[in-house]
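To keep things clear, I will list the structure first and then write my remarks on it.
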Amino acid sequence: MNRIFYAFTLLVGLVSCNSTPPESDINLSEAPWDTITKKASGTTVNFMMWQGNPSLNDYINNYVIPRVKELHNIDLEITGGQGPEVVQLVMGEKQAGVEKGQVDIVWINGETFFQLRKIDGLWGPFVKKLPSSKYINFDNPFISIDFQQPVNYMEAPWGMGQYALVYDSAQVSNPPRNLNQLEAYLKENPGTFTISNDFSGMTLLKSFLAEIGGSPTSLDGEFDEEKYNRLSKQLWDYINRNKKYFWKGGSTFPKEHTKVDQMFATGELHLVYGFSEGGIEDKIRDGLFPKTTRAYAWDNGTILNSNYLGIPYNSSNKAGAMTVINFLLSPEAQYYKQTRNGREARTVLDLNLLPEEWRTKFENAPKPQYSPNLEKLAKKAIKEPAPEYMIRLYDDFRTEVIEK
């Protein structure tokens with residue numbers, strides 16, 4: 001069983017999911033927005049986020065940090081960490097009774113959201129309090145539902161991207177679009193494909209699992225143990241009979257998606273994958289990927305999801321966290337995030353809700369040069385399944401594939 005999942009299930013029994021927030025939090029929830037920003041001025045906000053994307057790091061360090069200092073007199077400090085580190089930190093502070101935590105904002109996805117909600121590890125709901133939230137369409141299921149879980153304003157959508165397969169058109173003329181075609185590809189091109197043992201690799205496995213289930217919606221709804229056991233057995237049988245054609249004969253699997261990208265860049269791998277439409281725009285522009293790189297959707301569909309920002313239950317600066325998150329959701333910050341240096345990141349804002357000036361800016365924003373057409377890709381979008389699917393895939397991929 002996943003160590004973090006096991007640990008937090010033990011902690012669930014020790015933590016009330018209906019704990020009463022401190023009086024200061026109640027006042028903050030009811031305070032006018034200008035009171036919140038005044039309280040935030042002159043403070044430090046600690047933001048824990050994954051730092052594996054150089055382009056996003058540049059956006060944070062060279063735009064967001066100086067801009068929130070200029071606008072709100074807030075010192076934004078960044079701490080490296082992603083899902084497991086976030087859960088471990090919050091769990092540890094819960095167990096130790098820490099009232100003033102180390103972190104004020106966390107960048108999370110549905111699996112982490114699920115785990116933190118189980119231990120009452122997030123503060124809120126806070127999102128509707130943010131002035132920038134009026135530009136977000138919360139009727140959009142790809143925003144209001146995170147891994148089949150209602151968000152209920154406990155986390156703020158920050159970015160949106162669709163998973164895609166990536167190939168070098170100079171090496172591969174007809175990339176596989178379903179599992180049968182992938183099996184034929186592997187036999188014809190041994191050693192040029194692998195599955196990373198991380199979030200990106202497990203997301204690929206979810207697309208495979210949905211195809212085995214028979215439709216783009218086959219994993220929708222609550223976690224189904226019987227369905228998972230039946231479909232995953234077919235998935236592991238498929239991988240194990242073909243892994244001799246994987247990179248290094250399937251004897252080892254990369255632990256990080258960055259390793260997969262590096263091997264694609266050097267030509268060792270010809271077929272890879274990733275979020276944000278495959279993430280190829282930045283990598284081609286930076287010279288990491290060849291200009292012959294292309295991205296596409298799996299025939300049965302690839303996952304489209306939002307990523308979110310949350311506030312830990314014991315943040316010592318909730319006013320500062322709300323102020324920073326509100327800025328990150330502002331038309332200005334979202335527009336710059338989408339267009340910086342010709343890069344593109346899908347905005348979580350609904351253009352129909354924006355003031356005319358900003359709507360026109362977004363509509364006339366430079367288009368990506370290398371990424372696939374977003375409208376065509378979106379026709380193949382499928383929802384993230386319940387978080388238990390991801391948790392089980394992590395554990396079973398290790399025991400059923402890696403260790404066999």
Side-chain angles (χ1 to χ4, degrees), residues 1-6 84 111 163-167 171-172 174-216 218-219 223-264 268-275 296-303 382 384-404:
M1 178 180 285
N2 180 285
R3 289 185 297 107
I4 304 241
F5 181 64
Y6 177 73
E111 179 192 5
Y163 199 81
L165 280 292
V166 175
Y167 70 103
Q171 302 290 340
V172 180
N174 188 25
R177 297 176 181 273
N178 56 53
L179 288 171
N180 287 337
Q181 291 179 11
L182 177 61
E183 187 163 18
Y185 168 87
L186 290 169
K187 293 175 181 177
E188 295 172 5
N189 303 274
T192 64
F193 173 81
T194 190
I195 300 170
S196 53
N197 187 24
D198 65 354
F199 184 84
S200 293
M202 298 307 102
T203 302
L204 181 66
L205 293 184
K206 283 186 282 187
S207 294
F208 291 173
L209 205 65
E211 179 182 338
I212 294 170
S215 78
S218 64
L219 300 182
F223 178 72
D224 185 321
E225 179 82 24
E226 184 279 328
K227 179 192 293 184
Y228 173 79
N229 289 335
R230 173 169 45 85
L231 299 181
S232 65
K233 182 181 185 307
Q234 297 176 63
L235 176 64
W236 308 136
D237 288 346
Y238 175 89
I239 292 176
N240 285 325
R241 76 169 178 263
N242 286 296
K243 71 177 182 179
K244 61 187 175 184
Y245 305 113
F246 281 29
W247 174 70
K248 291 194 177 298
S251 61
T252 185
F253 293 83
K255 292 182 179 180
E256 297 287 343
H257 186 251
T258 51
K259 174 65 173 175
V260 173
D261 283 345
Q262 290 166 4
M263 290 191 290
F264 181 82
E268 192 170 355
L269 298 180
H270 297 168
L271 179 66
V272 292
Y273 38 79
F275 267 106
Y296 66 102
W298 205 237
D299 275 350
N300 189 65
T302 51
I303 287 169
I382 61 177
E384 281 277 13
E388 292 94 334
Y389 285 101
M390 176 74 89
I391 293 167
R392 292 290 294 274
L393 285 170
Y394 265 119
D395 288 335
D396 293 349
F397 183 66
R398 185 187 73 253
T399 58
E400 300 296 329
V401 176
I402 295 176
E403 295 176 356
K404 283 201 171 182

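Please read all numbers here as calculations on a predicted model, not as lab measurements.
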Open item on the list: What I'd like to find out is whether the side chain of Asn197 reaches to under 4.5 Å of the side chain of Met202, using heavy atoms alone.
Closed with: yes
- [ ] Please examine the side chains of His257 and Asp261, heavy atoms only from C-beta on, and report whether any two atoms are closer than 4.5 Å.
- [x] yes
- [ ] Could you tell me which residues satisfy ring pair (Phe, Tyr, Trp, His ring centres under 6.0 Å) with His270, sequence neighbours excluded, listed by chain and number?
- [x] none
Open item on the list: Using only atom types and a distance under 3.5 Å, with no angle test, would you say the side chain of Tyr163 pairs donor to acceptor with the backbone of Gly301?
Closed with: no
Task: Closest approach of Thr302 to Ser207 (non-hydrogen atoms, all atoms of both residues) - done: CA-OG, 4.0 Å
Open item on the list: If I compare all heavy atoms of Ser196 with all of Tyr273, which pair ends up nearest, and what's the gap?
Closed with: N-OH, 2.9 Å
Open item on the list: Using every non-hydrogen atom in the two residues, find where Pro176 and Leu271 come nearest and quote the distance to one decimal.
Closed with: CG-CD2, 3.7 Å
Open item on the list: Between Glu388 and Tyr228, does the side-chain contact (heavy atoms from CB on, under 4.5 Å) criterion hold? Intermediate values first, please.
Closed with: CA-CA 10 Å; Glu388 292 94 334; Tyr228 173 79; over 6 Å; no
- [ ] Would you please test Thr203 and Met390 for side-chain contact (heavy atoms from CB on, under 4.5 Å) and show each step?
- [x] CA-CA 8 Å; Thr203 302; Met390 176 74 89; 3.9 Å; yes
TODO: Can you see which heavy atom on Phe246 is nearest to which on Leu186, and at what distance?
DONE: CE1-CD1, 3.6 Å
Task: Partner residues of Phe397 under the ring pair (Phe, Tyr, Trp, His ring centres under 6.0 Å) criterion, sequence neighbours left out - done: Phe253
- [ ] Only one of Asn174, Thr192, Asn242 passes side chain to side chain donor-acceptor pair (under 3.5 Å) with Tyr185; say which it is.
- [x] Thr192
- [ ] Please name the pair of heavy atoms, one in Leu235 and one in Phe208, separated by the smallest distance, quoted to 0.1 Å.
- [x] CD1-CB, 3.7 Å
Open item on the list: According to salt bridge (Lys or Arg N to Asp or Glu O under 4.0 Å), does anything in residues 191-200 pair up with another residue at least two apart or in another chain? List the pairs.
Closed with: none
Task: Glu183 CD to Leu179 CG distance, which is reported to the nearest 0.5 Å - done: 8.5 Å
Open item on the list: Any non-hydrogen side-chain atom of Trp298 less than 4.5 Å from a side-chain atom of Leu182?
Closed with: yes
- [ ] Could you go through the side-chain contact (heavy atoms from CB on, under 4.5 Å) check for Arg230 and Ile212 one step at a time?
- [x] CA-CA 10 Å; Arg230 173 169 45 85; Ile212 294 170; over 6 Å; no
Open item on the list: As a quick check of understanding, evaluate salt bridge (charged side-chain N to carboxylate O under 4.0 Å, His left out) for Asp237 and Arg241, giving each step before the final call.
Closed with: CA-CA 6 Å; Asp237 288 346; Arg241 76 169 178 263; over 6 Å; no
Open item on the list: If you apply the rule salt bridge (charged side-chain N to carboxylate O under 4.0 Å, His left out), what do you find for Lys259 with Glu268, and how did you get there?
Closed with: CA-CA 11 Å; Lys259 174 65 173 175; Glu268 192 170 355; 5.8 Å; no
- [ ] Side-chain contact test, heavy atoms from C-beta onward, threshold under 4.5 Å: evaluate it for Leu205 versus Tyr394 and give yes or no.
- [x] no
TODO: Using atom types as modelled and distance alone, determine if a side-chain donor or acceptor of Glu400 lies under 3.5 Å from a backbone N or O of Asp396.
DONE: no
Open item on the list: Can you give me the closest heavy-atom contact between Val260 and Pro254, atom names plus distance?
Closed with: CG2-CG, 4.0 Å
Task: side-chain contact (heavy atoms from CB on, under 4.5 Å) evaluation trace for Lys206 with Glu384 - done: CA-CA 8 Å; Lys206 283 186 282 187; Glu384 281 277 13; 2.5 Å; yes
TODO: With the side chain counted from C-beta on, respond yes when Glu256 and Gln262 share a heavy-atom pair under 4.5 Å apart, and no when they do not.
DONE: no
